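Here the structure comes first, spelled out in structure tokens, and everything after it is commentary.
Since this is a predicted model, take the numbers as computed values, not measurements. So that the names make sense, note that chain A is the first sequence line, chain B the second, and so on, each numbered from 1.
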Amino acid sequence: MIPVLSPVRGQNKGVRPLFLLPCVDKTLCFLKKGSDPFIGARELVCAVLLTCMALTANAECLIRGSGDLGVVGERASGSVQIIETTGKTSLFRVEGLGDLSHASVVFSRDARYAYVFGRDGGLSKIDLLCGTLVKRVVQAGNSIGGAISQDGTLVAVSNYKPGGVKVFDAKTLELVADLPAVDGKGTPSKVVGLVDAPGQQFVYTLYDAGEIRIADLRDPAKPVVQDFRQIGRLPYDALITPDGRYYIAGLFGEDGMALVDLWDTDKGVRRILDGYGRGEEKLPVYKMPHLEGWAMAGRFAFLPAVGQHEVLVVDSTSWQEAGRVAVHGQPVFVEARPDGRHIWVNFAHPRNDTVQVIDAETQQVIKTLKPGKGVLHMEFTPRGEAVWVSVRDRDMVQVYDTRTFARIAELPAAKPSGIFFSARAHRTGL
Amino acid sequence: MRKTGKLLFSLAMMIQSIPVSAALDTARQAELLYLLKHDCGSCHGMTRKGGLGPALLPENLHDRPATLMVNTILDGRSGTPMPPWRGELSEQEVQWLVEALRRGEGL
């Protein structure tokens, strides 16, 4: 009987071992009923089919790898879709995730689970292969983003209200550490730009107080927090370089950015790109730029200029400005294709119907695409042959070939926002 | 007949005395609510519970003068990320938005 069952197990991609047992029993019963030790081919097929049906009826989990999976946030309906980038299809929709008006996602290091951080303070753990919500905790009144530790055991969430960072056990979502963000005068601060860093550290920025903090959680019971004050006014977001060495906070209240070298924190905070907008009239900003995703091409980094229709080019060896690229609007996301040859940019309201592509070598815009109103996010497949673009007002995700710029697929999604692929599981700062 | 004329006259007066914002057609009202939810929502939260910007629920706004709110939306608030919406939104539209916020419309 074993030879009958083993191919079935392979055919049914939706099988969890847990569900196999009752199915096996059913099949055994069926075979027994025949009471004939020499089962004909017809009966054999029946047995296989019955087992198939039993298995698919019971189990919805997939047996497959998760390296080509991803999560698309549906901001208005508090749901996410789990998609796969090989066949470009949607696998599951997971609902009940609360307010996702500013959702972000990190992945467990085995890329089985996604952690979704909602605006309403909700932290949700999703099983990518089963399409289920494993656990959800509402850990604050209002939150903005999160990070997973280097070893994958801790998930940190940055909060607006009350400010601060809370750290959870990645497995159980139980609280393990609480890091308040109160400045020297006792005023609480909103926390932005939370990332993981090597050495089981989390780095984050205090929006109201203008501080950068590094929390060492090698012993979660006794976090060690290092504080860098007076980094500049209204830091709105931050990023960490892919090697985990430099942490850079963008400033809304000043033209410039604040940099910390995590290999040498004694040097303190250094101001870079000081006065990049000097002499130019700053335009009103209808959407905060995002610094997540370090657009690095060779030694040049590409960053959004706040309140300008420009992308800044920075030489990462000197942190000096190395150029500017005039673009269609105020950049929101500036993302390098994984090979670093092209930089894709989307824009703030009211110019958010456009995506532009910059050639990293010539620093020129080489392509302008019009996906539709409300382009909110872009995510490259791990090796960059395609990019997925969320188009809010058209309720769809569009997939582009990054070589030909042709639109190669469209998937319906309800007011899609952030797109996150599981390859992030293995990248520092994402 | 004279009565009807009088009634019509007073109706006309009533219509005139209704705030200008009521004259916005429903299509534009829907556009404004969409803008409020999705674009203002980037900072204030789609459920208006706040984010980088303050919460905009009726209970947060009842003691705030309407003219101050109208001016903040039209001209922005210096020293904060709140941008001016003048140019994109008319004064009449902003007045309607302020009323909508106070009523908690679209929540």
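- Between chain A and the options B:Gly51, B:Gly45, B:Cys43, the largest number of non-hydrogen pairs under 4.5 Å is found for B:Gly51.
- Listed here is the closest heavy atom pair of A:Ala76 and B:His38: CB-CE1, 4.4 Å.
- B:Leu52 touches chain A through backbone and side chain together, each having a heavy atom under 4.5 Å away.
- Using a 4.5 Å cut-off between heavy atoms, A:Asp208 makes no contact with chain B at all.
- Contact count against chain A (heavy-atom pairs under 4.5 Å) is highest for B:Met46 among B:Lys37, B:Glu88, B:Met46.
- Counting heavy-atom pairs closer than 4.5 Å to chain B, the top residue among A:Val285, A:Asn352, A:Val306, A:Ile144 is A:Val285.
- For A:Tyr286, the parts lying under 4.5 angstrom from a heavy atom of chain B are both the backbone and the side chain.
- For a residue to count as touching a neighbouring chain, one of its non-hydrogen atoms must lie under 4.5 Å from one of that chain's; by this rule A:Leu234 touches chain B with the side chain only.
- Evaluated for a salt bridge (Lys or Arg N to Asp or Glu O under 4.0 Å) with B:Asp39, the options A:Lys373, A:Arg392, A:Lys287 yield exactly one hit, A:Arg392.
- Both the backbone and the side chain of A:Arg75 come within contact range of chain B, with heavy atoms under 4.5 Å apart.
- Heavy-atom contacts from other residues, nucleotides or ligands closer than 6.0 Å to CD of A:Gln230 number 12 or fewer.
- The minimum heavy-atom distance between A:Arg119 and B:Gly41, with the atom names listed, is NH1-O, 3.8 Å.
- Counting heavy-atom pairs closer than 4.5 Å to chain B, the top-ranked of the candidates A:Arg233, A:Lys415, A:Lys161 is A:Lys415.
- Taking 4.5 Å as the limit, every side-chain heavy atom of B:Thr80 sits out of range of all side-chain heavy atoms of A:Phe252.
- Identified by a heavy-atom distance below 4.5 Å to chain A, the contributing residues of residues 53-79 of chain B are B:Gly79, in residue-number order.
- Under 4.0 Å is where a charged nitrogen must lie from a carboxylate oxygen, and between A:Asp99 and B:Arg48 no such pair does.
- No other option in B:Pro81, B:Ser42, B:Pro84, B:Gly50 has as many heavy-atom pairs under 4.5 Å with chain A as B:Pro81.
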